[in-house]
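No hydrogens, no waters, no symmetry mates; every other heavy atom, side chains included, goes into these values.
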Amino acid sequence: MSLLRGVYIVLAVWGAVRPMQHFITYMRENQTGLGGLIDAWYVNEATTGLTWDLTIAAIALTVWVLAEVSVRRNWSALIAIPATFCIGVSCGLPLYLFMRTRPVN
């Protein structure tokens, strides 16, 4: 594995674990589930703006992944789409870059 691919996979894992630590802590402290967490994303203009920023970035990443996968036929890279929407852009983007930089048969 190249150094660059190693950096991408480390960032993907970090991008999955670090945000989830905060989400889980918030839900435990406030005794809310996913619905309470989502409500918190819209509590003020700053968090609403950040939520929209990440949503638009996730959509752009999805379009890019779909466009490239259709050309490169690197079907396994599609895993980046659910990673992006179920975990976050901080996981999905480096995961896609990791998948994209591997040799494709």
### Task
State, with a plain yes or no, whether a side-chain heavy atom of Leu66 is found less than 4.5 Å away from one of Val69.
no

Kindly list each side-chain donor-acceptor pair under 3.5 angstrom involving residues 19-29, sequence neighbours excluded, with atom names and distances?
{"from": "Gln21", "atom 1": "OE1", "to": "Arg18", "atom 2": "NH1", "distance (Å)": "2.9"}
{"from": "Thr25", "atom 1": "OG1", "to": "Gln21", "atom 2": "O", "distance (Å)": "2.8"}

### Message
Please enumerate all residues that pass ring pair (Phe, Tyr, Trp, His ring centres under 6.0 Å) together with Trp64, with sequence neighbours excluded.
### Response
Tyr96

### Query
Could you give all pairs that pass the salt bridge (charged side-chain N to carboxylate O under 4.0 Å, His left out) test and reach residues 48-71, with sequence neighbours left out?
Glu68-Arg100

### Candidate list Val17, Val10, Leu11, test side-chain contact (heavy atoms from CB on, under 4.5 Å), partner Val13, passing option
Val17

Result block: side-chain N/O donor-acceptor pairs under 3.5 angstrom for residues 77-92, not counting sequence neighbours:
{"from": "Thr84", "atom 1": "OG1", "to": "Ala80", "atom 2": "O", "distance (Å)": "2.7"}
{"from": "Ser90", "atom 1": "OG", "to": "Gly15", "atom 2": "O", "distance (Å)": "2.7"}

### Query
Hey, quick one: are Trp41 and Trp52 part of the same hydrophobic cluster, counting side-chain heavy atoms closer than 4.5 Å, chains of contacts allowed?
yes

### Query
Linking Ile, Leu, Val, Met, Phe, Trp and Tyr by side-chain heavy atoms under 4.5 Å, what else ends up with Leu54?
Leu50

Output side-chain donor-acceptor pairs under 3.5 Å for residues 1-9, partner residues at least two apart or in another chain, one line each.
{"from": "Ser2", "atom 1": "OG", "to": "Arg5", "atom 2": "N", "distance (Å)": "3.1"}
{"from": "Arg5", "atom 1": "NE", "to": "Phe98", "atom 2": "O", "distance (Å)": "3.3"}
{"from": "Arg5", "atom 1": "NE", "to": "Thr101", "atom 2": "OG1", "distance (Å)": "3.3"}
{"from": "Arg5", "atom 1": "NH2", "to": "Phe98", "atom 2": "O", "distance (Å)": "3.0"}

#### Entry: Exceeds 12 heavy-atom contacts within 6.0 angstrom, atom CH2 of Trp14
no

